[in-house]
Structure formats: structure tokens, C-alpha cells
Amino acid sequence: MSHSADSTGPGTSPGHSGNENAHAQRGPGRRKWLGGHPVRLLTAAVFALAGLLFFTSFNTAKGTNIRTDASLLKLSDLIQERSRKNGQLDESNAGLREDVDSLADRDDGSTDAEERKLAGLEKAAGTSALRGRAVTVTLDDAPPDATAKLPGYPDPQPNDLVIHQQDLQAVVNALWQGGARGIKVMDQRLISTSAVRCVGNTLILQGRVYSPPYKVTAVGDPDKLKQALSDSPEIQNYMLYVNAYGLGWDVQDDGTVKLPGYAGTVDLHHAEPTD
């Protein structure tokens, strides 16, 4: 996912006290006013207001229960269903791409040099699988009831306890800076048109939705990748929240792994070189 998370300390609520003598003095006067003609006007006004509220509630509900979050649940279900469908389409697209490549390899009339050039372009574009030594970074939300773990820090606000778009972007950018030859976020390979976006505390990546913990795997020199993570100012800032409030952070050497090739569609249909 960019957002900022500023912390402030807890506030206080002012108290109030009554004055029994003042209430006793105002009491007889209030009862006297209500005992006269104005009480009927007040009663009529109350019934009119109640009728207006009932009508407004009926008009808003339209026969549904406005106390429930059913509409939000339906929206959430729709997003999850679309995410699953996008995943199935990606798998289908990958299968079709393999069939096309297999047919093209039979006899396309290309030379060995052209085949090597095409393989290099596919590798650079991220559409072919990549094998090599890798590092995986895991980010996770802090417990919802977390408190400050270090002295001098204020109690956390809700935004301090969740992973933001800027945090994932910082990890991805640092890994590219560290010489990563390929990066996978969750189960999807990143390409030049990939965008890491967060809505709330969910990740939306190439039409699919994910929840924390988030895993980012990069193939490259593990030492250089980890050094780039340590040198990133954005990640150094993130680590303050890790230490203060318990946000999740873990970096692991994965040994040799195989990143899948990108299987989705590409929005960018053509490009022109710059002078």
C-alpha cells in the first residue's frame, strides 16, 4: 500500500457537577409552566417530531433492516468473489499462454539468436519463471489491543497498528534497489505495470485481494537485498513502529526458490522509446 500514521496521546473528558439548590429553585417554575396551556403545544410538537422520525426511518430502510451491515457484507462477498474469479482467469490465461508458446516452438522459422533474444525479453518482462537464491520479507498488523512497548511513546492510534500501502511499497522499492532480479508479492509476480495498492488493511494487487500477513519474495543476492532493506529510510521509520507497537516484521533467507512468471494480462499495449 501511501498513508502516514501520526500518533497522539489519549485525551481526557471534562466532568460536570450539579447544583441541588438551583434545581430546587427552577423546579416549581418549570412545573407551573407545564401545568398551563403550553403543555398541549409541547405534546403536539413531540408527536409531530416522532412521526417525522418514523417516516424518515421508513424511507431510508425501504423495507430492510438498517441496523445490520448486510450491504457491507454483500460488497465484501462480491469483492472476494471477483478476486477468486480473477485468480481463475489468471490460471486459465497462463495455460493458454503455455499452449501458444508450445505451438510457436514447433516451427516458427526463427534463428537461435532470435530465440535467445526473445527469451531475454520474456525474462526481463517477468513473464517467464525465475529461479535463484531468495529472501522473503513478511509484514503483519499488530494486535488490535497493542499498547506502547517502549517508554516515552504515546498509546497507539488505530492507524499505527496496521500495514499501509507505503510500507509494502517501501519493501518492494528497497528490494529492487538491492538488485532483485524478480519479485513476488503473495503469489503474484510483479512486472513493470504492477501497482501495490491498499484499501483499509487489505492489499489489492492485479485484480486480486489479500489480507495480512503480507509476504514479499525477491530473487537476488541475499546479502545485498538485506542490506538494501536496512538502508531504506522508509523501512527505518517502519521499524520504529515495529519496536514501539509490535507491527510484524520478519526477513528470512529462502535458499533457492522458483518465482512463477506473470500470468495476467498487461494493460500497456504498446510503448515508444524516449529520445
Side-chain angles (χ1 to χ4, degrees), residues 1-7 83 87 126 129-191 194-206 208-260 262:
M1 260 132 219
S2 56
H3 308 278
S4 63
D6 298 329
S7 301
S83 178
L130 176 64
R131 182 182 297 273
R133 297 170 63 197
V135 167
T136 293
V137 181
T138 303
L139 302 92
D140 199 1
D141 292 345
D145 58 348
T147 57
K149 298 164 58 178
L150 299 176
Y153 282 82
D155 288 335
Q157 299 298 311
N159 277 341
D160 299 331
L161 305 179
V162 296
I163 303 300
H164 291 284
Q165 177 175 308
Q166 65 190 26
D167 305 322
L168 280 169
Q169 288 176 335
V171 171
V172 170
N173 291 339
L175 292 172
W176 285 129
Q177 187 69 28
R181 296 189 291 124
I183 296 178
K184 177 183 72 170
V185 176
M186 304 303 280
D187 58 350
Q188 292 198 74
R189 180 80 172 271
L190 297 187
I191 60 173
S194 299
V196 177
R197 295 190 179 96
C198 285
V199 177
N201 66 334
T202 59
L203 164 66
I204 299 179
L205 177 61
Q206 293 162 172
R208 297 170 65 182
V209 181
Y210 302 92
S211 297
Y214 302 120
K215 292 184 178 292
V216 183
T217 302
V219 169
D221 185 317
D223 293 333
K224 292 182 179 180
L225 294 174
K226 288 186 286 187
Q227 186 61 49
L229 292 171
S230 299
D231 292 342
S232 167
E234 292 79 10
I235 295 179
Q236 291 172 7
N237 181 70
Y238 175 83
M239 294 304 298
L240 295 177
Y241 290 83
V242 172
N243 297 326
Y245 302 127
L247 283 174
W249 175 261
D250 183 60
V251 180
Q252 294 288 336
D253 285 324
D254 280 347
T256 300
V257 303
K258 180 181 179 181
L259 297 186
Y262 174 72

- request: Begin from the C-alpha positions of Trp249 and Val137 and carry the test side chain to side chain contact (heavy atoms under 4.5 Å, CB included) through to its verdict.
  value: CA-CA 7 Å; Trp249 175 261; Val137 181; 3.6 Å; yes
Can you give the donor-acceptor pairs under 3.5 Å from side chains of residues 145-154 to other protein atoms, not counting sequence neighbours?
none

Compare every heavy atom of [Y] with every heavy atom of [X], then report the nearest pair and how far apart it is.
X	Y	answer
Ala180	Ile183	CB-CG1, 3.9 Å
Gly246	Pro143	O-CD, 4.1 Å
Gly178	Leu225	O-CD2, 3.8 Å
Val242	Leu247	CG1-O, 3.4 Å
Ala174	Leu229	CB-CD2, 4.0 Å
Lys258	Ala129	CE-CB, 3.5 Å

[atom1]/[X] to [atom2]/[Y] distance, rounded to the nearest 0.5 angstrom?
X	Y	atom1	atom2	result
Tyr214	Leu205	OH	CG	11.0 Å
Ile235	Leu139	CD1	CG	8.0 Å
Lys215	Gln252	NZ	CD	8.5 Å
Arg208	Thr202	CZ	OG1	14.5 Å

Contacts of type side-chain hydrogen bond (donor to acceptor under 3.5 Å, both in side chains), residue [X], not counting sequence neighbours:
X	result
Asn237	none
Lys184	none
Glu234	Ser232
Gln177	none

Listed once per pair and sorted, the salt bridge (charged side-chain N to carboxylate O under 4.0 Å, His left out) pairs that draw on residues 247-257, sequence neighbours left out: Lys226-Asp253
message: Applying side chain to side chain contact (heavy atoms under 4.5 Å, CB included), can you list everything that pairs with Asp141, at least two apart in sequence or on another chain?
response: Val162, Ile163, Asn201, Pro212
message: side chain to side chain contact (heavy atoms under 4.5 Å, CB included) for Leu203 and Val196? Distances and angles first, verdict last.
response: CA-CA 7 Å; Leu203 164 66; Val196 177; 3.7 Å; yes
Any side-chain to backbone donor/acceptor pair from [X] onto [Y]? Under 3.5 Å, distance only.
X	Y	result
Gln236	Ser230	yes
Asp160	Gln157	yes
Arg197	Ile204	no
Asp167	His164	yes

Please output the side-chain donor-acceptor pairs of residues 216-224 that fall under 3.5 Å, not counting sequence neighbours, one pair per line with the distance.
unit_1: Thr217; atom_1: OG1; unit_2: Thr136; atom_2: OG1; d: 2.9
unit_1: Asp221; atom_1: OD1; unit_2: Asp223; atom_2: N; d: 3.0
unit_1: Asp221; atom_1: OD1; unit_2: Lys224; atom_2: N; d: 3.4

